[in-house]
Colleague: 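Handing you this structure, nothing more for now.
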Amino acid sequence: MKYNFKTIEKKWRETWKKSKIYEPKLGNPKKKLYHLVMFPYPSGDLHIGHWYNFVPSDAYARMKRMQGYDVLSPFGYDAFGLPAENAAIKRGIHPKIWTMKNIKTMTKQVEATGNSYAWNQMVITCLPEYYKWNQWIFLQLYKKGLAYKTKAPANWCPSCKTVLANEQVVEGKCERCDTVVVKKDIEQWLFKITKFADRLLKDLKDLDWPEKTKLMQRNWIGESKGAELEFGIVDSEEKIKVFTTRPDTLFGVTYAVLAPEHALVEGLKEKITNWKEVEKYREKSKNRSEQDRLDETKEKTGVELKGVRAVNPANQERISIWIADYVLATYGTGAIMAVPAHDERDFEFAKKFDLPVKQVIIEEEVSNNKSALLESPFLESGVITNSTKFNGTQSEEAKQAITKFVGGKFVTRYRLRDWLISRQRYWGTPIPIVYCKECGMLPVLEKELPIALPPLKDFKPAEDGRSPLARNKKFLKTKCPQCSGPAERETDTMDTFVDSSWYFLRYLDPKNSKKAFDKEKAKKWLPVDMYVGGAEHTVLHLLYARFFTKFFFDEGMIEFEEPFTALRHQGTILGPDGQKMSKSKGNVVDPDGLVAEFGADTVRLYLCFMSEYSQGGPWNPKGILGVARFLERIWKAKEKVGKKDSNEITPLLHKTIKKVTDDIQNFKFNTAVSSLMILLNELEKQESIGKDTFETFLKLLAPFAPFMTEELWYELGNTKLTSTKLGGSIHIAKWPSYNPKFLEEGEFDLVIQVNGKVRSKIKAEKGITEDEAKNLALADEKVKTALGGKSVKKVIYIKDRLLSLVV
RNA sequence: GCCCGGGUGGCGGAAUGGUAUACGCGCAACACUUAAAAUGUUGUGAGCGCAAGCUCAUGUGGGUUCGACUCCCACCUCGGGCACCA
């Protein structure tokens, strides 16, 4: 009988759902395993990339379940975001209706995969029952001073008169009207993630994450150790504070540079003789568009602050002060000491404006150091020169000494910026803040939560840069929580990354209306043991989730500091042409069509088999035929199942158990499947297949092909099925274990090398000694020929593998 | 520019110091068939040879080693990330 996947898959999908075998009892797990896939955005269509994220990792979850773990594998939707607004504008459907409809469709599609999700734990972030807690968390951060409001630049389209999300800026231009986008300063909310920079960096080292991902997070946090030094200003009480990683070059400073926005510029206004010019430059750099920045040829610009001079604290030398936009206001102190001889950017700037270059570090100490004109800056460390009493010391060692000499201090700086969470958008979580004319800015009372999104028809931000929520008077007008006088609500909504920063906690208790999450339940199930998702979320999502977790820990709300103990990324599946899939290229692989043609098991198996998981690669439409044949052959092999087990197959069976177990554990799904294929190839050569052997084979295959294995398991009389109950399912059967004894017995091909070249292979018993192997080799005709009568000088023996003879 | 990660048959890939090319796709021949499809069997890196076999081959060039896809050095190339971070 041919394998009829359609009826079989339908039958088991329904049976599993009814019997709830994938819904763990959350109460008291003996051996918990929290397996999590990154929840998708409900775009309305589950593409093959989703399958690739969800299916192989489900194989991992399934094996763990069979190994006796209480596996929690939940699923949900990251349901706020811009596409819903765009769809609403385009088709006139409300974002919520569009989103919920998509969720319904996608859930059906996800169910088709046969994945073992605990559907009863579903989380949907755009529902008030979820975003209420975003607001609550915001209030906790606010209370601790970790949520604050400040002027921050937003993307502004001067033509549409609207704020744009980053995704709406395409190559520095507005995606709608192609106008060059500028930065506009507006009051926005930020989370103080920088306060956690050191811990976010330090705690990376213990995580079982891809090294590359950890490295990217490290670079993003960007730790740099250096000194903070103060430069005096002639005839002024003001000081310029600078941050430098090279205090050893202090004697080589020939000018100082402030960021154009630096507050001191304003403070020195009275003294500056070319104020007009200065102001013009400041204005220009402020209005600098994204486009400009992208086009920039790296040519340095700047203006000298004429009439003011700074004093080098090391040698009291007077130096010029400049403003230039190559110095960033947002990093360090917003001011630098310029050492053109030892810094590339300073060198370039000095050359353009004809500023002095003074070398203070040389490669080696020479008796007569005439400093020749430098053609390029000398960036390495070396020996100090031209620096009075520090001459002749090693520059690395002089760092501390020189810093101390001028009364500076050593500090650690981070590149990481605070997290801007304000969005001037409709489809997100409203920020729970009100503004009262009398009492000022106040947080919403916790008992007032959730502040629900009001219905709205027009989703474009207002011309003053405010969110569309500002147009809804019913939403906007409220009472002051303090004086009950008239007040206005904050109209910005939160970045959707807020939603995804703690959803893994909510899964335990998605309906809890009293708390965001329960400490006791969290203690039992978290942290997440295995997190699987795309590498594109390497930096932002993972960093934000770690930040939230550390905050919750500090607040005593949970007892762990890192949310994701282990992390794996799936690769990207490309179209058959090797290009990224896109509708316009017409190279999109449609999973629904594949399921209809081949069945879910086949699609699952091929996704696991086609490539190394983290690598991905092009989809080969013919390749899937291989695994389809494999399943058909298993279906046929069932007919050969008899009582007698052949001993011959036992060593291979045990080898396969070990290989499949190890490979799934290590996310090497492709080689796990290939070892099952090898086993089947051998089983087919047998007259009859033992029932035990076949059952073991089915169990090993069950994580990959849950439907067919369940059906065969049932036909072999293991699964008990009544109209409402499922007993003895293969998916909760005990995972096979191997006997190491079988791996050490039997025959192997002893490879004989002479002078490093393979000259012969001899069948031998496993476990033979070096002498036995040598005797076998020396008796072999081919080896004799290769040796040519010469005497063996050296013998290398690798047990159960190879003998290397050197003559 | 800087930092990572790759480059293996016609194709997807396997092998992390020990038989290079497992497994699969494709291709070829044969069997079954009136025929085709499906299925099954066998073969399949390149070159030389009737053959046993020999030589060459994991981006390129060098090195370490009895032995290198694997380790080291230099270069070529593709992909990813960051990008004036002092």
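In what follows, chains carry the letters A, B, and so on, assigned in the order in which the sequence lines appear, proteins first and then strands, with residues in each chain numbered from 1.
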Colleague: From the list U19(B), G53(B), C66(B), which nucleotide is the closest neighbour of the side chain of Ser804(A)?
Modeller: C66(B)

Colleague: Quick check for you: among C54(B), C3(B), A86(B), whose closest atom lies nearest to any side-chain atom of Asn219(A)?
Modeller: C3(B)

Colleague: Just the rounded figure in Å: distance from C1' of C3(B) to CD1 of Ile221(A).
Modeller: 16 Å

Colleague: Tell me the partner of C71(B), counting only Watson-Crick (N1-N3 plus N6-O4 or O6-N4) or G-U wobble (N1-O2 and O6-N3) with both under 3.5 Å; none if nothing fits.
Modeller: G63(B)

Colleague: Look through every strand shown and name the nucleotide pairing with G1(B) as Watson-Crick or G-U wobble, where both distances are under 3.5 Å.
Modeller: C82(B)

Colleague: Is it true that Arg415(A) and Asn219(A) share a donor-acceptor pair across their side chains at a distance under 3.5 Å?
Modeller: no

Colleague: Expressed in angstrom and rounded to an integer, what is the separation of Lys794(A) atom NZ from U65(B) atom C1'?
Modeller: 8 Å

Colleague: Answer with base, sugar-phosphate or nothing: what part of the nucleic acid does Lys782(A) contact at a heavy-atom distance below 4.0 Å?
Modeller: sugar-phosphate

Colleague: Could you please name the option among A22(B), C66(B), C84(B) that lies closest to any side-chain atom of Ser674(A)?
Modeller: A22(B)

Colleague: Please name the nucleotide paired to G24(B) by Watson-Crick or G-U wobble geometry with both distances under 3.5 Å, or report none.
Modeller: C11(B)

Colleague: Where the side chain of Phe609(A) is concerned, which of C23(B), C82(B), G13(B) is the nearest nucleotide?
Modeller: C23(B)

Colleague: Output the rounded distance in Å from CD1 (Ile796(A)) to C1' (C66(B)).
Modeller: 4 Å

Colleague: Taking any heavy-atom pair under 4.0 Å as a contact, classify Arg801(A): base, sugar-phosphate, or nothing.
Modeller: sugar-phosphate

Colleague: Syn or anti for G81(B)? Use the chi torsion, O4'-C1'-N9-C4 for purines and O4'-C1'-N1-C2 for pyrimidines, with syn inside 90° of 0.
Modeller: anti

Colleague: Side chain of Lys757(A), heavy atoms from C-beta onward: which of C56(B), C3(B), U19(B) has the nearest atom to it?
Modeller: C56(B)

Colleague: Tell me yes or no: between the side chains of Ser224(A) and Tyr331(A), is some donor less than 3.5 Å from an acceptor?
Modeller: yes

Colleague: Scan every strand shown for a Watson-Crick or G-U wobble partner of U16(B), both distances under 3.5 Å, and answer none if you come up empty.
Modeller: none

Colleague: Measure CD/Gln615(A) against C1'/G80(B) and give the value in whole Å, please.
Modeller: 13 Å

Colleague: So what does Ile798(A) touch, heavy atoms closer than 4.0 Å: a base, only the sugar-phosphate, or nothing?
Modeller: base

Colleague: What is the distance, rounded to the nearest whole Å, between atom CZ of Phe349(A) and atom C1' of C84(B)?
Modeller: 12 Å

Colleague: Start at the 5' end of RNA chain B and walk down; is the nucleotide closest to Tyr331(A) or to Lys668(A) reached first?
Modeller: Lys668(A)

Colleague: Looking only at N and O atoms, is any donor in the side chain of Lys622(A) or the base of C11(B) less than 3.5 Å from an acceptor on the other one?
Modeller: no

Colleague: Between A86(B), G24(B), C4(B), which one does the side chain of Arg633(A) approach most closely?
Modeller: G24(B)

Colleague: In the structure shown, which nucleotide is the Watson-Crick or G-U wobble counterpart of G53(B), with both distances under 3.5 Å?
Modeller: C48(B)

Colleague: Would you mind classifying the nucleic acid contact of Thr330(A) as base, sugar-phosphate or nothing, using non-hydrogen atoms under 4.0 angstrom?
Modeller: nothing

Colleague: How is Val795(A) classified with respect to the nucleic acid when contacts are heavy atoms under 4.0 Å: base, sugar-phosphate, or nothing?
Modeller: nothing

Colleague: Does any N or O donor sit under 3.5 Å from an N or O acceptor when you compare the side chain of Gln753(A) with the base of G18(B)?
Modeller: yes

Colleague: Grab the CD1-P distance between Ile323(A) and A86(B) for me, whole Å please.
Modeller: 22 Å

Colleague: Are Tyr606(A) and Trp619(A) close enough that their ring centers fall under 6.0 Å?
Modeller: yes

Colleague: Determine the contact category for Glu612(A): base if any of its heavy atoms lies under 4.0 Å from a base atom, sugar-phosphate if only primed atoms, P, OP1 or OP2 are that close, otherwise nothing.
Modeller: sugar-phosphate

Colleague: Which one, C84(B), C82(B), G24(B), comes nearest to the side chain of Lys300(A)?
Modeller: C84(B)

Colleague: Among G81(B), C66(B), G13(B), which nucleotide sits nearest the side chain of Val806(A)?
Modeller: C66(B)

Colleague: For the side chain of Met216(A), counting heavy atoms from C-beta on, which of A15(B), U19(B), G81(B) is nearest?
Modeller: G81(B)

Colleague: Parallel, tilted or perpendicular: which fits the ring planes of Phe667(A) and Tyr613(A), with parallel below 30° and perpendicular above 60°?
Modeller: tilted

Colleague: Please identify which of these residues, Thr661(A), Asp662(A), Thr656(A), meets the side-chain hydrogen bond (donor to acceptor under 3.5 Å, both in side chains) condition with Lys658(A).
Modeller: Asp662(A)

Colleague: Any donor and acceptor pair, going by atom type alone, linking the side chain of Gln570(A) with main-chain N or O of Gly534(A) inside 3.5 Å?
Modeller: yes

Colleague: Can you confirm if the NZ or CZ of Lys300(A) lies within 45° of the ring axis of Tyr326(A) and under 6.0 Å from the centre of its six-membered ring?
Modeller: yes

Colleague: Any base atoms under 4.0 Å from Arg413(A), or only sugar-phosphate, or nothing? Heavy atoms, all strands.
Modeller: nothing

Colleague: For the side chain of Thr244(A), counting heavy atoms from C-beta on, which of G18(B), G24(B), A86(B) is nearest?
Modeller: A86(B)

Colleague: Roughly how many Å is it from CZ in Arg417(A) to C1' in C82(B), rounded to a whole number?
Modeller: 13 Å

Colleague: Any strand is fair game: report the nucleotide pairing with U39(B) by Watson-Crick or G-U wobble, both distances under 3.5 Å, or none.
Modeller: A31(B)

Colleague: Return the value, rounded to whole Å, for the distance between atom CD of Gln579(A) and atom C1' of C78(B).
Modeller: 13 Å

Colleague: Start with the C-alpha distance between Lys399(A) and Glu396(A), add both sets of side-chain angles, then the distance that settles salt bridge (charged side-chain N to carboxylate O under 4.0 Å, His left out), and finish with yes or no.
Modeller: CA-CA 6 Å; Lys399(A) 281 182 172 175; Glu396(A) 281 306 314; 3.5 Å; yes

Colleague: Need one value for Gly616(A): base, sugar-phosphate or nothing, where a base atom within 4.0 Å counts as base even if backbone is also close, heavy atoms only.
Modeller: sugar-phosphate

Colleague: Give Asp346(A) one of three labels, base, sugar-phosphate or nothing, depending on what nucleic acid heavy atoms sit under 4.0 Å from its own.
Modeller: nothing

